[in-house]
Amino acid sequence: MFIGYPCLNWSMNERPNRTFRLASYSDERFRETVAMNLRATEAILRWNLAEGFGYFRISSDLIPFASHPVCAVDWAAEFADDLARLGAYIRQHNMRIAMHPDQFTLINAKDPEIVARSVKELAWHACFLDAMGLDATARLQIHVGGVYGDHAASRERFVREFEKLPPAIAHRLTVENDDRHYSLEDCLWISDRTGIPVLFDVFHHSLHGDGRPVSDCLKQAARTWSKKAGRLLVDYSSQQPEKRPGTHADTLDDSDFSQFLAASKGTDFDVMLEIKDKETSARRALALAQSDPRLRKPCGKTERCKPSR
DNA sequence: AATGGTCAAGTCAGC
DNA sequence: GCTGACTTGACCATT
């Protein structure tokens with residue numbers, strides 16, 4: 001088990017998600033921004049290694065406007081060396097990487113143009129991971145979406161559209177249960193028909209699930225992950241008190257997380273803490289998991305990974 | 001320097 | 001048909 005946090009690190013003076021307005025786009029500005037974002041990401045991964053975090057979600061803002069027609073720069077070629085170096089670092093320390101294209105990525109949209117844009121969006125993410133030389137354990141997670149008032153039809157459409165995806169995307173794609181439309185059951189239904197591994201979101205399951213115990217869900221979701229796809233991925237969060245149901249907590253609820261660790265004992269996975277204060281909570285989670293035999297730390301290639309302590 | 005309106009992309013509910 | 005919510009950081013124009 002690796003513990004991770006998404007995209008940003010507030011305690012460092014690094015921003016891996018710098019962007020700018022479309023109206024002020026220029027190739028030069030694009031290049032500068034990508035270069036800064038890459039350097040920041042590299043710095044955060046170094047920090048993660050030192051702190052013991054083996055799992056990280058790389059920001060989709062790293063390459064701004066990557067799938068937009070305005071972007072004519074061949075960034076994968078221009079930054080090939082930087083990307084290869086970053087990838088080598090990740091592989092050397094056996095780190096786990098995921099990316100989460102945003103909610104407008106809908107391979108099952110009714111409008112074929114939205115589908116085409118979504119495929120382009122997924123394609124650049126896949127290209128980015130490819131350029132780093134990462135294998136299929138580096139995942140692209142998306143929600144099912146595209147409901148248009150008919151869950152069943154949309155679920156079917158997702159399966160059909162998946163079959164048409166280029167292999168470079170298909171072999172990295174992962175579906176995640178969401179908090180309003182598609183439960184774990186739905187994702188498993190899709191997985192049965194496509195072989196897509198299912199990322200289990202604990203918090204979403206509590207908001208939109210069938211009430212089944214987390215331990216059962218984890219076991220079911222884990223069965224959808226092959227050796228190639230890697231360990232099961234899990235998103236964890238808890239409810240921010242006094243806020244609309246579904247609002248992610250500002251900071252880790254220590255007792256809720258400890259209960260989750262206890263309840264999940266029978267399954268191994270990498271867990272992403274979707275908590276707003278990022279690495280602050282991730283550190284506490286790491287401390288709470290210290291005595292958990294599943295916990296691993298990122299390590300060098302030659303040195304065998306061992307459970308911490 | 002601080003502030004606040006607005007930002008590529010999608011869907012849905014509510015007017 | 002249009003607007004705002006969803007959700008959330010940050011750009012950027014304005015003060």
Side-chain angles (χ1 to χ4, degrees), chain A residues 5-30 32-34 36-37 40-41 44 57-73 75 99-125 128 140-155 157-158 161 169 175-182 186 201 203-204 207-208 235 237-251 272-281:
Chain A
Y5 60 94
C7 305
L8 307 176
N9 181 311
W10 296 125
S11 64
M12 294 177 72
N13 202 15
E14 299 286 352
R15 291 193 292 143
N17 62 338
R18 298 179 91 107
T19 182
F20 49 89
R21 292 297 145 88
L22 181 58
S24 56
Y25 180 92
S26 74
D27 287 350
E28 244 353 270
R29 183 144 195 199
F30 171 84
E32 285 165 16
T33 306
V34 170
M36 286 190 290
N37 288 343
T41 301
I44 292 174
R57 181 185 299 164
I58 293 180
S59 171
S60 291
D61 287 334
L62 200 151
I63 317 277
F65 307 106
S67 68
H68 193 284
V70 77
C71 177
V73 176
W75 51 268
M99 296 182 84
H100 194 341
D102 230 329
Q103 84 286 353
F104 40 73
T105 306
L106 297 170
I107 63 165
N108 57 345
K110 281 184 173 169
D111 177 348
E113 305 218 334
I114 295 175
V115 177
R117 281 198 291 272
S118 298
V119 173
K120 279 187 77 179
E121 182 70 6
L122 287 166
W124 87 252
H125 281 84
F128 176 78
L140 294 178
Q141 60 185 98
I142 59 171
H143 296 292
V144 183
V147 181
Y148 311 99
D150 188 343
H151 281 73
S154 178
R155 214 167 61 161
R157 224 166 33 239
F158 190 98
E161 294 296 333
I169 295 174
V175 279
E176 171 186 355
N177 56 307
D178 68 76
D179 59 349
R180 288 164 55 209
H181 304 300
Y182 290 101
D186 294 310
D201 187 308
F203 184 40
H204 290 165
L207 295 156
H208 182 70
D235 279 1
S237 188
S238 62
Q239 175 66 38
Q240 173 63 20
E242 322 273 299
K243 287 285 178 68
R244 177 191 63 79
T247 303
H248 288 198
D250 290 344
T251 194
M272 178 62 63
L273 298 170
E274 291 190 315
I275 308 280
K276 288 183 188 156
D277 65 4
K278 310 283 179 186
E279 80 289 346
T280 306
S281 283

Task: Interatomic distance at P, B/dG5 relative to C/dG4, whole Å - done: 12 Å
Open item on the list: Quick one about A/Thr19 and A/Asn17 (side-chain donor to acceptor, distance below 3.5 Å, no hydrogens or angles considered), yes or no?
Closed with: no
TODO: Using the C1' atom as the reference point in each nucleotide, state the distance between C/dT8 and B/dA1 in Å, no decimals.
DONE: 23 Å
Open item on the list: For a quick check, tell me whether the side chain of A/Arg21 and the base of C/dC12 share a donor-acceptor pair closer than 3.5 Å.
Closed with: no
Open item on the list: With no hydrogens and no angle check, just 3.5 Å: does a side-chain donor-acceptor pair link A/Gln141 and A/Asp235?
Closed with: yes
TODO: For C/dA13 and B/dA8, measure between their P atoms and round to the nearest Å.
DONE: 12 Å
Open item on the list: According to a cutoff of under 5.5 Å between the ring centres and under 30° between the ring planes, does A/Phe104 stack with the base of B/dA9?
Closed with: yes
Open item on the list: At 4.0 Å (heavy atoms only), tell me whether A/Asp61 reaches a base, stays on the sugar-phosphate, or touches nothing.
Closed with: nothing
TODO: Please state whether the phosphate of C/dC12, meaning OP1 or OP2, lies under 4.0 angstrom from any side-chain nitrogen or oxygen of A/Ser24.
DONE: yes
Open item on the list: My understanding is that a pair needs two contacts under 3.5 Å, Watson-Crick or G-U wobble. By that rule, which nucleotide pairs with C/dT8?
Closed with: none
Open item on the list: Does C/dG9 have OP1 or OP2 under 4.0 Å away from a side-chain N or O of A/Arg18?
Closed with: no
- [ ] Say whether A/Ser67 and A/Glu121, considering side chains only, have a donor N or O and an acceptor N or O under 3.5 Å apart.
- [x] yes
Open item on the list: Any heavy-atom pair between the side chains of A/His143 and A/His181 that's under 4.5 Å?
Closed with: no
Open item on the list: Between B/dT6 and C/dT3, how many Å separate the two C1' atoms, rounded to a whole number?
Closed with: 15 Å
TODO: Report which part of the nucleic acid A/Gly146 touches: base, sugar-phosphate, or nothing (heavy-atom distance under 4.0 Å, all strands).
DONE: nothing
Open item on the list: Tell me which nucleotide, if any, is Watson-Crick or G-U wobble paired with C/dT14 when both distances must be under 3.5 Å.
Closed with: B/dA2
Open item on the list: Applying a 4.0 Å non-hydrogen cut-off, can you work out what A/Arg29 is touching in the nucleic acid: base, sugar-phosphate, or nothing?
Closed with: sugar-phosphate
